[in-house]
Number of protein chains: 2
Amino acid sequence: MTAPPDPAQGPAEGATATRRAIPEASVARLAVYLRMLRELAEQGAETVSSEELAVATGVNPAKLRKDLSYIGSYGTRGVGYEIAPLRHQLEEALGQNHAQSVALVGVGNLGHALAGYGGFAGTGFPVTALFDIDPDLVGIRINGIVVEHVREIPRVCAERKVTIGIIATPGPAAQGVCDQLVSAGVRSILNFAPVVLQVPDEVEVRKVDLAVELQILAFHVARRHLEANASTEANTGAGVNGHTVNGTGGLLQ
Amino acid sequence: MTAPPDPAQGPAEGATATRRAIPEASVARLAVYLRMLRELAEQGAETVSSEELAVATGVNPAKLRKDLSYIGSYGTRGVGYEIAPLRHQLEEALGQNHAQSVALVGVGNLGHALAGYGGFAGTGFPVTALFDIDPDLVGIRINGIVVEHVREIPRVCAERKVTIGIIATPGPAAQGVCDQLVSAGVRSILNFAPVVLQVPDEVEVRKVDLAVELQILAFHVARRHLEANASTEANTGAGVNGHTVNGTGGLLQ
DNA sequence: AGCCGCTTGTGAAGACACGCACAAAGTTGC
DNA sequence: GCAACTTTGTGCGTGTCTTCACAAGCGGCT
Ligand SMILES: NC(=O)c1ccc[n+]([C@@H]2O[C@H](COP(=O)([O-])OP(=O)(O)OC[C@H]3O[C@@H](n4cnc5c(N)ncnc54)[C@H](O)[C@@H]3O)[C@@H](O)[C@H]2O)c1
Ligand SMILES: NC(=O)c1ccc[n+]([C@@H]2O[C@H](COP(=O)([O-])OP(=O)(O)OC[C@H]3O[C@@H](n4cnc5c(N)ncnc54)[C@H](O)[C@@H]3O)[C@@H](O)[C@H]2O)c1
């Protein structure tokens, strides 16, 4: 393959070979395939073709096969994939064979819903620790787990071998909570608060931003509107195609 | 991880096609910039440089400037951007000047949290309609909004000019609910159920898949483990580029 | 006025992701 | 055992996103 020119780039690169790095985008899809495989297994299916699995998960079959090829999967040509082994291989690749232990901080509206959700435990992500700062919440039980005070984060996280933290506190509290989780050894964080968390390099943060999701949808609503109007006008308006639309279509701005 | 990007764009006349398409990835970031601008405005700031805004939102300054350039923004060289006008321009570009009306279907654990969340209304996305199929829930009020029966979707969505639908029902019910929303004229849907929704081309679906988010984190946990072990044998792994923050929520799929 | 330092806006190159298309490899039927 | 058929695994062209790097523009200072 193209020998990467490997420009000096500021800092020397780790050179560490991520010898067979799985593209980030593929990892996300692999997780989806895995869930679907579990569903299929429950329904008693034994094999599945890339075509079937692709349709069920809404992706392109070729892309799916390429994704699977990253984990060195072995399907059978002419047949497809045996569900059980493939599932097992995916679980291994995704780090799902040793169940992860999840801690959730902030048992408010959203946190409550997450803590009470059975679906996570079912897929290997048991929430094993809950934290809040509100004295009215500390001590209550959700799904059998007692809510602890945030000051207990270090002790409890160590005891329960927490590897993943979920932050569902208000924005202003998020960074502080994050710092506590990090110093308790948690190196993977899922953040629901609308703030950018500052973390050391070895910690990974994923952010779920629902307001942004809505805004993206709103953008497309607006775009559709503009397009609809534009084409209506185009039909009735002066026949001359002056010049299509300037910039954002005149309507906008 | 983001929603099914879009219609694969078939043969349809792309007449209006990509007029001046803003890259999907940029739209997501623009939404983040907008929120940060609001925050800055509240704090009384008047101008901001790309550098500052970039740090605050966790992106690369050059990328930020390019993002802004898509909406034809005008900053002042040597100074930066005036917050008020930039904010206004962003709101316009993102379709946020006319408040969108949001309907939420499925007032269970998660739906309840979403319905009760004040943050959406504050950013221009008032939830104006709630639906559920459970007779015990129909009729109750959340944040002043009465929960209606799902069979009322067509009427209520039309009356309240709903443009965005949120699905927070169990997986098996999602497709049915989706169909009802679509036939009620809703063309933008945010889906929390772990299923792939089937929709006509003109409807956009974004999927928020929390289980997948956890799985992605678990993958990196596993990878770090492997690397740690590997480098123990090898030399001082030195640098090892950690990956970190993934900027925005490009949520899954 | 003219210079200087700062910051924007963008061209161009690289990195990444996607999906087609096809050879290889297996299965089934005769 | 062979031919026909099915489905995988992947090389490669294409398009999108990211990032660098720098000229151009602007304000302030002398
Ligand atoms: N609820 C939603 O639908 C929704 C939607 C989008 C984003 N969010 C974001 O998710 C986060 C949580 O939202 P919410 O509606 O559940 O808020 P909430 O106010 O209902 O709950 C926040 C919880 O965090 C606790 N908390 C506050 N400071 C804390 C600290 N320092 N340490 C530990 N716990 C602390 C509070 O006691 C409370 O229980 C917020 O950042 C919000 O912006 C929520
Ligand atoms: N709660 C979480 O933290 C969480 C996390 C990840 C994913 N999810 C997903 O979000 C969705 C909702 O989760 P939840 O925990 O709120 O579930 P839930 O069971 O608490 O709530 C589901 C609600 O949908 C209603 N409903 C069922 N069928 C319906 C129909 N046909 N029309 C309208 N309403 C209907 C039910 O009456 C109930 O109120 C599920 O698909 C779940 O997989 C939830």
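We name chains A, B, ... by the order of the sequence lines, and we start the count at 1 in each one.
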Taking only side-chain nitrogens and oxygens of [X], does any of them come within less than 4.0 Å of OP1 or OP2 of [N]?
{"X": "B/N60", "N": "D/dC17", "value": "no"}
{"X": "B/Y74", "N": "C/dT7", "value": "no"}
{"X": "B/Y81", "N": "C/dG9", "value": "yes"}

Just how far, in rounded Å, is [atom2] of [N] from [atom1] of [X]?
{"X": "A/Y70", "N": "C/dC16", "atom1": "OH", "atom2": "P", "value": "11 Å"}
{"X": "B/L64", "N": "D/dC17", "atom1": "CG", "atom2": "C1'", "value": "15 Å"}
{"X": "A/E24", "N": "D/dC17", "atom1": "CD", "atom2": "P", "value": "17 Å"}
{"X": "A/K63", "N": "D/dT16", "atom1": "NZ", "atom2": "P", "value": "14 Å"}
{"X": "A/L68", "N": "D/dG9", "atom1": "CG", "atom2": "P", "value": "8 Å"}
{"X": "A/E82", "N": "C/dG26", "atom1": "CD", "atom2": "P", "value": "14 Å"}
{"X": "A/I71", "N": "D/dT8", "atom1": "CD1", "atom2": "P", "value": "14 Å"}

A/E91 and A/R87: CA distance, side-chain angles, deciding distance, salt bridge (charged side-chain N to carboxylate O under 4.0 Å, His left out) verdict | CA-CA 6 Å; A/E91 284 174 348; A/R87 171 185 165 178; 3.2 Å; yes

Report the residue (A/R29 or A/R65) whose heavy-atom-nearest nucleotide on DNA chain C is the more 5′ of the two.
-> A/R29

Listed by chain and number, what are the side-chain contact (heavy atoms from CB on, under 4.5 Å) partners of A/Q198, not counting sequence neighbours?
-> A/Q175

Listed by chain and number, what are the salt bridge (Lys or Arg N to Asp or Glu O under 4.0 Å) partners of B/R65, not counting sequence neighbours?
-> none

For A/S188 and B/R224, does a side-chain donor sit closer than 3.5 Å to a side-chain acceptor?
-> yes

Heavy-atom closest contact (B/G171 atom, B/P194 atom, distance) = CA-CD, 4.4 Å

For B/T163 and B/V186, the nearest pair of non-hydrogen atoms, with its separation, is O-CG1, 3.9 Å

Is any side-chain N of the basic residue among A/R206 and A/E24 closer than 4.0 Å to the acidic one's carboxylate O?
-> yes

Nucleic acid contacts of residues 41-53 of chain B, taken as heavy-atom distances under 4.0 Å to DNA chain C = B/S49, B/S50

Please enumerate all protein N or O atoms sitting under 3.5 Å from an N or O of nucleotides 27-30 of chain C, with distances to 0.1 Å.
none

In chain order, what residues pass the ring pair (Phe, Tyr, Trp, His ring centres under 6.0 Å) check against B/F192, with sequence neighbours excluded?
-> none

Under the ring pair (Phe, Tyr, Trp, His ring centres under 6.0 Å) test, which residues partner B/Y117, sequence neighbours left out?
-> B/F120

Kindly indicate whether the side chain of A/K66 and the base of C/dG19 share any N or O donor-acceptor pair separated by less than 3.5 Å?
-> yes

Contact class for B/A25 vs. all strands (heavy atom < 4.0 Å): base, sugar-phosphate, or nothing?
-> sugar-phosphate

